[in-house]
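To start, the structure itself, in structure tokens.
Chain A is the first sequence line, chain B the second, and so forth, proteins listed ahead of strands; every chain is numbered from 1.
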There are 4 protein chains.
Amino acid sequence: MKKIDLKELNLNEKEEKILQSSIKLFSEKGFSAATSKEIAKDAGVSEGIIFKYFKTKKDILKAILLHLINILSEKIVLKGIKDIFKNDKECDIKTVLKKVIYDRIKMVDKIYPMAQIIFMEAILHEEIRDAVYNNIIKKAMEIFNDFYFQMAEKNILRKNVDIMVVFRSILSNIAIFIAQKKIFGKYFKFENIDKEIDKVIDVILNGITVQ
Amino acid sequence: MKKIDLKELNLNEKEEKILQSSIKLFSEKGFSAATSKEIAKDAGVSEGIIFKYFKTKKDILKAILLHLINILSEKIVLKGIKDIFKNDKECDIKTVLKKVIYDRIKMVDKIYPMAQIIFMEAILHEEIRDAVYNNIIKKAMEIFNDFYFQMAEKNILRKNVDIMVVFRSILSNIAIFIAQKKIFGKYFKFENIDKEIDKVIDVILNGITVQ
Amino acid sequence: MKKIDLKELNLNEKEEKILQSSIKLFSEKGFSAATSKEIAKDAGVSEGIIFKYFKTKKDILKAILLHLINILSEKIVLKGIKDIFKNDKECDIKTVLKKVIYDRIKMVDKIYPMAQIIFMEAILHEEIRDAVYNNIIKKAMEIFNDFYFQMAEKNILRKNVDIMVVFRSILSNIAIFIAQKKIFGKYFKFENIDKEIDKVIDVILNGITVQ
Amino acid sequence: MKKIDLKELNLNEKEEKILQSSIKLFSEKGFSAATSKEIAKDAGVSEGIIFKYFKTKKDILKAILLHLINILSEKIVLKGIKDIFKNDKECDIKTVLKKVIYDRIKMVDKIYPMAQIIFMEAILHEEIRDAVYNNIIKKAMEIFNDFYFQMAEKNILRKNVDIMVVFRSILSNIAIFIAQKKIFGKYFKFENIDKEIDKVIDVILNGITVQ
DNA sequence: TATGAATGAGAATTCATTCAT
DNA sequence: GATGAATGAATTCTCATTCAT
């Protein structure tokens with residue numbers, strides 16, 4: 001289990017260990033099924049100390065979710081895309097998309113267990129959904145919007161489409177690609193991710209009909 | 001909360017009530033967080049009787065998941081697509097896709113809470129993933145494969161793409177459409193689903209680049 | 001340990017056992033020091049069932065305190081005095097006082113451990129004090145007031161005293177008598193309570209100076 | 001919260017702070033409910049240092065109780081009465097009693113929270129009762145006995161009473177007066193304590209019957 | 001000596017499961 | 001079969017006490 005980089009949060013050693021173990025166990029078993037005893041054991045600390053750093057078990061989840069959504073969304077989730085869209089306005093669309101997808105896959109790999117927890121809790125709890133929407137989805141949509149508009153102005157991308165639909169389509173293609181790797185990885189072994197991504201981009205850009 | 005039609009399972013009244021309530025509560029709070037007391041109360045039965053029908057709480061989940069995956073995959077999930085693909089081989093691709101998407105949305109609406117439980121538990125537990133893969137994904141892929149092959153032969157759909165990628169793309173577009181409605185419905189109000197689906201299909205079929 | 005009669009409360013068997021054991025243990029060790037495990041053991045029930053009848057441990061205390069203060073104050077604490085004062089207006093003051101003191105001692109004997117808990121919690125918590133004052137002290141004062149006024153009118157008891165002071169004096173003499181028996185019983189063995197009470201009444205009625 | 005003068009104990013600064021805070025918190029919440037963390041915080045010291053000075057939390061209680069009972073009983077509690085009884089053998093009984101009551105009220109005001117702790121713990125624990133009895137009650141009784149005997153010899157106070165009963169009566173009248181002020185102070189506002197005490201003495205000395 | 005982080009035993013509370021009725 | 005009271009193991013959380021610094 002790769003450890004998520006939590007250095008940005010300025011936590012002390014134990015606090016970080018607890019969070020790391022919580023992320024691992026919440027993502028493996030779900031929040032309710034992971035016990036404070038297991039977390040303590042995995043983190044190599046006593047059970048008591050957990051409740052010094054986090055008043056309740058729920059607070060560990062909150063730290064993972066809201067804290068990280070708010071603090072890290074900008075740094076980790078959005079920064080990558082912004083940079084690519086900014087630096088590559090002149091590049092061809094295929095290259096840009098490839099960079100984005102690569103970057104997203106790398107990013108999700110980095111934060112995967114955490115992302116999974118957020119994802120699952122977002123399904124169950126509206127407050128989390130709100131945080132995800134406002135901090136990630138909404139912002140990502142705005143960035144994408146600007147980018148698409150410029151590409152459309154240059155006559156590279158179609159003007160007669162609903163940008164929202166396009167955004168969703170690209171996002172979902174990335175998501176399912178990751179899900180396939182992460183969740184159903186055992187059934188689908190890709191040998192060459194580079195080629196796989198090219199194929200996805202081809203379908204996104206050119207559709208599936210014979211022109 | 002719409003009730004899922006479980007008549008096909010030949011359950012007796014109490015057993016069905018218990019399953020209905022479990023589906024409702026598992027989908028609302030997650031499996032671990034829903035208690036047998038709550039289920040009993042919601043189902044209007046005694047706690048004791050739950051364990052007559054289902055040896056353990058886990059068995060309720062299994063009943064919901066495995067039982068329903070196996071039984072319903074054929075009857076509800078796959079039947080629809082098969083019929084469409086069978087009956088519409090002559091129709092134009094746009095119409096077929098529209099029918100499929102419509103059918104899937106309708107179907108998911110029908111089984112939504114159950115699908116959500118399956119989905120979440122599949123993320124956590126390999127045995128569920130296996131059941132989902134073998135009973136649903138694999139079968140759906142086979143059907144789609146046949147269909148795509150025929151469309152490609154007729155020179156309607158591109159031959160130079162990876163069918164797996166296309167399958168995933170369509171699936172993910174449907175999934176994100178449903179997720180947006182079900183999970184993030186509060187942020188995105190579509191007025192006209194018919195038009196929305198047309199837009200999605202346009203992007204899938206034609207891509208986003210100016211040809 | 002004599003058991004307090006809780007039949008008036010219409011509790012079921014286990015609930016009553018739990019309350020009895022709680023009263024016993026709270027009075028022996030104080031509320032905080034008595035554990036639910038001990039209570040369960042003493043009551044001969046499982047720890048779990050305690051929390052079916054009383055949501056929290058604090059609720060057991062509340063049941064003992066407020067419930068009993070409110071419900072039983074009238075029946076147990078005040079009824080006795082009322083009856084004596086009502087029925088004995090013609091008797092001589094010595095006899096009345098003796099009856100009252102006897103009755104109070106008997107009554108406190110009956111509810112002693114409970115009374116002790118109320119007493120100790122009243123020292124610590126204002127809400128309890130309020131309940132004690134409003135349900136017991138205030139009412140007792142009113143009853144005593146009426147009685148004293150009539151005795152004073154008949155020229156049996158002095159008019160030139162503060163009734164509040166007299167009330168307090170009698171009350172405190174009873175209280176210290178009981179405390180001596182209950183708390184410091186080991187140091188003071190009275191052989192003949194009847195005679196003891198006569199002595200107390202003598203002092204209350206006639207004072208200690210040579211007239 | 002008035003601070004009790006502990007200078008007589010030759011404690012160092014920290015030790016005294018810890019005791020002061022313990023007295024405050026034990027009297028406010030009871031011994032078991034007050035935590036060492038709270039005490040440390042209130043005393044402005046670290047939790048660790050508490051256990052340097054007092055091996056266990058119980059030892060703080062012992063220090064407060066036994067230590068203070070033993071040391072203070074002689075210096076503060078009994079000295080006052082002794083002095084009064086010694087110096088005022090010639091004075092009239094009313095003046096003496098008034099001095100005693102005044103002195104006791106002043107004294108209890110000074111040590112109130114500590115006295116409350118002693119009182120409550122004495123109810124619960126025999127060892128505390130022993131200490132209270134042997135160090136305070138017994139000694140006070142002896143002093144009172146001497147005093148009463150002399151007053152009786154001078155034909156000022158009645159010979160035909162049980163001195164124990166008289167002692168108890170006076171003690172209880174003082175106690176209830178203080179309790180009323182301290183515990184039920186919110187319900188009974190005396191404007192003039194001097195007059196109040198006169199009334200109490202009147203009742204003690206002359207009784208309540210019309211002679 | 002002094003700190004306060006860390007411990008772990010034990011407290012309150014929950015809950016799947018059993019069982020007498 | 002059906003009930004729901006009862007169980008007790010497991011869970012979350014607390015706190016006196018210890019210990020590295």
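- Atom NZ of C/Lys57 and atom OG1 of C/Thr35 lie 7.0 Å apart (nearest 0.5 Å).
- For A/Lys14 and A/Tyr53, the positive end is not near the middle of the six-membered ring at less than 6.0 Å and at most 45° from its axis.
- Put simply, CG on A/Asp59 is 13 Å from C1' on F/dT12, counting in whole angstrom units.
- Contact detail for C/Ile123 and D/Ile183: the closest heavy-atom pair is CG1-CD1, 3.9 Å.
- Between D/Glu127 and D/Lys58 a salt bridge is recorded (basic side-chain N to carboxylate O distance below 4.0 Å).
- The stretch residues 31-46 of chain B touches DNA chain E through B/Ala34, B/Thr35, B/Ser36, each having a heavy atom under 4.0 angstrom from the strand.
- Shortest non-hydrogen contact noted between C/Ile50 and C/Ile18 is CA-CD1, 3.9 Å.
- Distance check, rounded to the nearest 0.5 Å: CG of D/Leu124 to CZ of C/Phe26 gives 12.5 Å.
- Minimum interatomic distance between A/Ile23 and A/Met114 (heavy atoms only, all atoms of both residues): CG2-N, 3.8 Å.
- Tested against A/Asp42, the residues A/Lys29, A/Lys24, A/Lys17 include a single salt bridge (charged side-chain N to carboxylate O under 4.0 Å, His left out) partner, A/Lys24.
- Between B/Lys14 and A/Glu47, the residue anchored closer to the 5' end of DNA chain F is B/Lys14, taking for each the nucleotide with the nearest heavy atom.
- Atom-to-atom, CD1 of D/Ile18 to C1' of E/dG4 comes out at 14 Å; the value is rounded to the nearest Å.
- Rounded to an integer number of Å, the gap from D/Lys29 NZ to F/dT14 P is 13 Å.
- Nearest heavy-atom pair across D/Ser32 and C/Ala33 is OG-CB, 3.6 Å.
- As a whole-Å value, the separation of B/Lys62 NZ from E/dA16 C1' is 15 Å.
- Counting only Watson-Crick and G-U wobble pairs whose two distances sit under 3.5 Å, DNA chain E takes part in these stems of three or more pairs: E:2-21 with F:2-21.
- Of all the heavy atoms in B/Ala63 and B/Leu19, the pair that sits closest is CB-CD2, 4.2 Å.
- Near DNA chain F, meaning a heavy atom under 4.0 Å away, the residues from residues 48-58 of chain B are B/Gly48, B/Ile49, B/Lys52, B/Tyr53.
- Summarising the geometry of C/Ile117 relative to C/Ser22, their closest heavy-atom pair is CD1-O, 4.4 Å, with the distance given to 0.1 Å.
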